[in-house]
Amino acid sequence: MSEIKAAKGTRDIFPPEIQKWQFLENAIHDYYKKFLYQEIRTPIFEHSELFSRGIGSETEVVQKEMYTFSDKSDRSLTLRPENTASVVRAAIENNLFETVAPLRFYYIGPMFRYDKPQKGRYRQFHQFGIEVFADDSPQVDAEVIFAAVDFLNKLRIADIRLELNSVGCPRCRPLYLEVLRKAARAEGGRLCADFRRKIEGNPLRIFDCKLPECAETTRDFPLLDGHLCAECRDHFAAVRETLSWMNVPFQLNPRLVRGLDYYTKTAFEVTSGQLGAQNALLGGGRYNNLIKELGGPDMAGIGFAAGMERIILHLENPALPKIKNLFVAYGEQKWLAHAIQLAEVLRAEGYPVYLDFQGKNLKKQFKKADKIAAAFTLILAEDEIASKSVSIKNMASQEQKKIPLKDLNERLKKNY
RNA sequence: GUGAGUGUAGCUCAAUGGUAGAGUAUCGGACUGUGGAUCCGAUCGCUGCGGGUUCAAAUCCCGUCACUCACCCCA
């Protein structure tokens, strides 16, 4: 038993689960290229300021969940809790807005949040996501949402639900928040402490409270959709219309908010009925002020991030192409050189070949061949070497034939 | 940060407060040019850790740590 364990909230991924990860990663690469997204990889850690400015210093993520540390030169660095701020930073820093077209990126990688682990929630977890810059048309919102939902459908993830809202923009949201605060303060006495804290700091979140009294109270509170400015309202209507053209079903949820401050206008979330409490598979929205906020041009952006662990929980056992492993058996140590050379030739031909160096005799070697699920065992021992041949045994059917060495490749090809 | 449940062999799990066990896996043998099946044998444990109660603790009590789930938060 090992003394040192994986740090809390982290885990090792190995077969057979790793096959799901490889499958998912390949699917992401294949799918998003169809929309001309290009992969971007940004550093795992960044200056802390990127996140406090980008995500919002009042958010839970920044206040409570960041892995922040000082390096030896006293720089404050933070393991990225999400990737959008980094992608925006990279685009600004490398002038991608001028040099790359189209301005569409996707990413895959680990993120870090200091949270108490539970089902579907880890301290090191993985997200993939997409970002589109410089396009404020509502049709892009719809296409991004389509590319999120359709991807999950392609993975045959059932029982998912798309929720949609508009969280307004800096012109209309502050006005609404005042209206909401006023209504909330009037009811303050009836509400939980948590709730009262949110009224001042993050009023949109008060709708989240699941305590019956709070939910009861907030039911009649004014909602944001009645307070959107004309531009946000029209934008949102066009998003919904485009989604209907795309046959993407959605549910309006006027109480839907996002945890990061940078969102404007469209906000959406896909949840799964098959997960526990951590049921959000992906979330995203538009962030038309983030790029400027981080020192870039006044440019629109939209994207989403998806939790890969949560998607993996939905994936069936790997339906992998059967790999036909070859096993080279040599019986006695003195034929090992021949076996090594044969294995080398076969690998160069593209076959996966296993050679057991511990097997003392053919019996042991066959046992090992069985254990690694070899499709064919090639026997190269005294008889075969003397006659420049090799015996090939089909492990499933138990058929065995001795054939000339020079015919081996052709014969294997037929069986593959 | 709060709460609940669970910690026994590599894995899955047993064991009224009274000798820590089974299945499986691993290794060896039956079987020195042939695997899976069967049979025989062997290895494997500070019962998470630290205290306490008791003649006696895997078992009861306290603490602690880990895992799991929920709150919270979010993907």
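Bear in mind the structure is a predicted one, so any value in this text is a computation, not a measurement. We name chains A, B, ... by the order of the sequence lines, and we start the count at 1 in each one.
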Should A:K371 be listed as having a side-chain N or O under 4.0 Å from OP1 or OP2 of B:U26?
yes
Exercise answer: donor-acceptor pairs, residues 168-176 of chain A side-chain atoms, under 3.5 Å, sequence neighbours excluded:
| unit_1 | atom_1 | unit_2 | atom_2 | d |
| --- | --- | --- | --- | --- |
| A:R171 | NH2 | A:E231 | OE1 | 2.6 |
| A:R173 | NH1 | A:V167 | O | 3.4 |
| A:R173 | NH1 | A:Y263 | O | 3.3 |
| A:R173 | NH2 | A:Y263 | O | 3.2 |
| A:Y176 | OH | A:P222 | O | 2.8 |

What is the distance, to the nearest angstrom, from the [atom1] atom on [X] to the [atom2] atom on [N]?
| X | N | atom1 | atom2 | result |
| --- | --- | --- | --- | --- |
| A:W335 | B:U32 | CH2 | P | 20 Å |
| A:Q124 | B:C74 | CD | C1' | 17 Å |
| A:D356 | B:G35 | CG | C1' | 13 Å |
| A:K364 | B:U32 | NZ | C1' | 11 Å |
| A:E65 | B:C72 | CD | C1' | 9 Å |
| A:F268 | B:C74 | CZ | P | 16 Å |
| A:K8 | B:U68 | NZ | C1' | 10 Å |

Taking any heavy-atom pair under 4.0 Å as a contact, classify [X]: base, sugar-phosphate, or nothing.
| X | answer |
| --- | --- |
| A:Q400 | base |
| A:E384 | base |
| A:Y330 | nothing |
| A:A369 | nothing |

At a heavy-atom distance below 4.0 Å, what parts of residues 272-285 of chain A sit against RNA chain B?
A:G276, A:A277, A:Q278, A:A280, A:L281, A:L282, A:G283
Tell me whether the side-chain N or O atoms of A:R11 pair up with the base of B:C67 as donor and acceptor below 3.5 Å, since no angle test is needed here.
no
Give every pair of a protein N or O atom and an N or O atom of nucleotides 1-4 of chain B that lie under 3.5 Å apart, one pair per line with the distance.
| unit_1 | atom_1 | unit_2 | atom_2 | d |
| --- | --- | --- | --- | --- |
| B:U2 | O4 | A:K116 | NZ | 2.9 |

Please pick, from B:G33, B:A75, B:A70, the nucleotide with the shortest atom-to-atom distance to any side-chain atom of A:K119.
B:A70
Using a 4.0 Å heavy-atom cut-off to protein, can you give one letter per nucleotide of nucleotides 36-42 of chain B, 5' to 3': B if the base is in contact, S if only the sugar-phosphate is, - if neither?
B------
Report the residues that fulfil salt bridge (Lys or Arg N to Asp or Glu O under 4.0 Å) with A:D225, sequence neighbours left out, ordered by chain and then residue number.
none
In dot-bracket form, 5' to 3', how is RNA chain B paired? Count Watson-Crick and G-U wobble pairs only if both distances fall under 3.5 Å, and write | where the partner sits on another strand.
(((((((..((((....[..)))).(((((.......))))).....(((((..]....))))))))))))....
